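Remember, it's a predicted structure, so these values are computed and weren't measured experimentally. Note that ligands are numbered from 1 as they come in the structure, with each ligand's atoms numbered from 1 the same way.
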Amino acid sequence: MPYDIIVIGGGPAGLSAAVQARARARSVLVVGARPEDIPLWKAERVENYLGLPGLSGRELLERFDAHAAAMGIERKYGRALNVMPDGDGFFVGVESEVETASAVVLATGIAHGGKYPGEAEHLGRGVSYCATCDGGLYRGRPVAVVGQSADAPAEAVYLRNLGCRPTYVARERPADLPADIPFVQGTRLEILGDGPVSALNVDGTDIPCTCVFLLRPSMAPAELVYGLELDGPHIVVDRDMAASIPGVFAAGDCTGGPYQVSKAVGEGLIAGHRAAAYVDRLRKAVPRDG
Ligand SMILES: Cc1cc2nc3c(=O)[nH]c(=O)nc-3n(C[C@H](O)[C@H](O)[C@H](O)COP(=O)(O)OP(=O)(O)OC[C@H]3O[C@@H](n4cnc5c(N)ncnc54)[C@H](O)[C@@H]3O)c2cc1C
């Protein structure tokens, strides 16, 4: 396995898990959205994080990032799209690439908002979560980009450069969306099509398209890992932050409230520590040289 541990989510829980696992000499990759997509980035002041009161959310995240970088933790910015068990490890699909590890820590925060009407029915038939993976299928054709993540404008540009004809749909026009990409403001969305996708309905108006790229900063755990035991939207864990699938650990908001930085960092510590111990046990059971 190229990595001992892959951590999904670069917020407080994910970085805490990564730092702990690195401290135990494990190789760690953190897959996560860009910092601007981490909810804490928007906090004006955080007054209740022990020892560092009064920092903005952004300042706190920058400190966490700097700590992780100083520990030699590798980062990959992008969406993890799926986690699949494979023998003694896991395949993790990240956009159009695949990474492998012996253990996985889920630190994905809370996925806000449910699925859009028509989303589940059209998955693989014109609904995509990854422009890099599927853009090539829609060259020369109209597509809709539902932009909810910080990197979505860049993904729309990527699709345009590929030869697709994107229309960008969001609550408000992002400052970095080029003027030549049409923009539609809207919030109530429905994906339409008898068979493959034929249009995206935005607040009552149909936008004809052959694919809807739903670019969200996070994914619900159930979509990420098949068969994971959940309690509502939260991942069920034990005191070791172990989830229901051996080798999968979880920490932070994704395991339940209170939704607070201190709780996320504390759970991240346990998850990183226990994931490292899990990898140690695997190594003893299966010597590397066979
Ligand atoms: C405006 C605001 C103010 C707040 N103020 C405070 C405060 O004062 N004090 C306090 O203690 N807490 C505060 N919080 C709450 C705090 O931000 C959260 O509890 C904390 O960030 C949770 O950390 P986490 O690592 O579990 O999840 P998050 O910080 O949500 O990080 C999870 C990350 O994983 C990413 N992700 C999800 N799925 C995927 C995927 N499939 N692939 C790649 N990346 C993925 C998400 O995009 C996100 O960046 C505040 C939150 C907000 C929004």
From CA spacing to verdict: side chain to side chain donor-acceptor pair (under 3.5 Å), Ser56, Glu44:
CA-CA 5 Å; Ser56 68; Glu44 226 167 280; over 6 Å; no
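- Put simply, atom 37 (C) of ligand 1 has protein non-hydrogen atoms near it, under 4.0 Å away.
- Using a 4.0 Å cut-off between charged side-chain N and carboxylate O, Arg216 and Glu119 make a salt bridge.
- Heavy atoms of Ser16 come nearer than 4.0 angstrom to ligand 1 in no pair at all.
- Among all protein heavy atoms, the one lying closest to atom 34 (O) of ligand 1 is Gly9 CA, 3.3 Å.
- The two residues Ala21 and Ala276 make their nearest non-hydrogen contact at CA-CB, 4.5 Å.
- Residue, atom and distance of the protein heavy atom nearest to atom 49 (O) of ligand 1 are Ile38 CG1, 3.1 Å.
- Salt-bridge check for Arg58 with Glu62: passed, with a basic side-chain N closer than 4.0 Å to an acidic carboxylate O.
- In terms of modelled atom types and a separation under 3.5 Å, the side chain of Arg141 and the main chain of Cys164 share no donor-acceptor contact.
- Taking all heavy atoms of Tyr259, Phe64, Tyr129 into account, the minimum distance to atom 15 (C) of ligand 1 is reached by Tyr259.
- The residues Lys76 and Glu97 are annotated as salt-bridged, a charged nitrogen and a carboxylate oxygen being separated by less than 4.0 angstrom.
- Of the candidates Leu40, Leu81, Asn82, the one placing a heavy atom closest to atom 14 (N) of ligand 1 is Leu40.
- Listed by atom number, the atoms of ligand 1 under 4.0 Å from Ile8 heavy atoms are 40 (C), 42 (N).
- Closest heavy-atom approach to atom 32 (C) of ligand 1 within the set Gly93, Ala107, Gly268: this belongs to Ala107.
- Counting protein heavy atoms only, atom 16 (C) of ligand 1 is closest to Val261 CG2, 4.0 Å.
- Nearest-heavy-atom check against atom 42 (N) of ligand 1 across Ala80, Ala264, Ala150 picks out Ala80.
- Which parts of ligand 1 touch Gly252 is read off a 4.0 Å heavy-atom cut-off, strictly below it: atoms 26 (O).
- The shortest N/O to N/O separation between Ala13 and ligand 1 falls below 3.5 Å.
- Nearest to atom 18 (C) of ligand 1 among the protein's heavy atoms is Asp253 OD2, 3.3 Å.
- Heavy-atom neighbours of Tyr226 OH from other residues, nucleotides or ligands within 6.0 Å: at or below the threshold of 12.
- Residue Phe91 qualifies as open at atom CZ: its count of foreign heavy atoms under 6.0 Å is 12 or below.
- When hydrogens are left out, the protein atom nearest atom 9 (N) of ligand 1 is Asn48 OD1, 2.9 Å; that is the closest non-hydrogen contact.
- Salt bridge absent: Arg34 and Glu36 never bring a charged side-chain N and a carboxylate O closer than 4.0 Å.
- Within ligand 1, counting atoms from 1 as listed, the ones closer than 4.0 Å to a heavy atom of Gly109 are 27 (O), 30 (O), 32 (C).
- Nearest to atom 43 (C) of ligand 1 among the protein's heavy atoms is Gly78 O, 3.3 Å.
- Counting only non-hydrogen atoms, the option in Ser149, Ala43, Ala220 that gets closest to atom 2 (C) of ligand 1 is Ala43.
- Between Gly32 and ligand 1, not a single N/O pair is under 3.5 Å apart.
- Inspection of the Glu74 and Tyr3 side chains reveals an N or O donor paired with an N or O acceptor under 3.5 Å.
- Annotation: side chain of Leu52 is not in contact with side chain of Glu59 (no heavy-atom distance under 4.5 Å).
- Near Ala33, the atoms of ligand 1 lying under 4.0 angstrom from a non-hydrogen atom of the residue are 44 (N), 47 (O).
- Nearest-residue assignment for atom 47 (O) of ligand 1 (options Pro217, Gly14, Pro39, Gly257; heavy-atom criterion): Pro217.
- Side-chain atoms of Ser16 never come within 3.5 Å of backbone atoms of Ala13 as a donor-acceptor pair (strictly under, hydrogens ignored).
- Heavy atoms of Pro12 found under 4.0 angstrom from ligand 1 belong to the backbone as well as the side chain.
- Using a 4.0 Å cut-off to heavy atoms of Ser218, the atoms of ligand 1 that qualify are 36 (N), 37 (C), 38 (N), 39 (C).
- In terms of protein heavy-atom proximity, atom 31 (O) of ligand 1 is closest to Gly11 CA, 3.6 Å.
- Ionic pairing of Arg283 and Asp4 is present here: one or more N-O contacts between side-chain nitrogen and carboxylate oxygen are shorter than 4.0 angstrom.
- Ionic pairing of Lys115 and Glu223 is present here: one or more N-O contacts between side-chain nitrogen and carboxylate oxygen are shorter than 4.0 angstrom.
- Interface atoms of ligand 1 facing Arg79, defined by a heavy-atom separation under 4.0 Å, are 42 (N), 43 (C).
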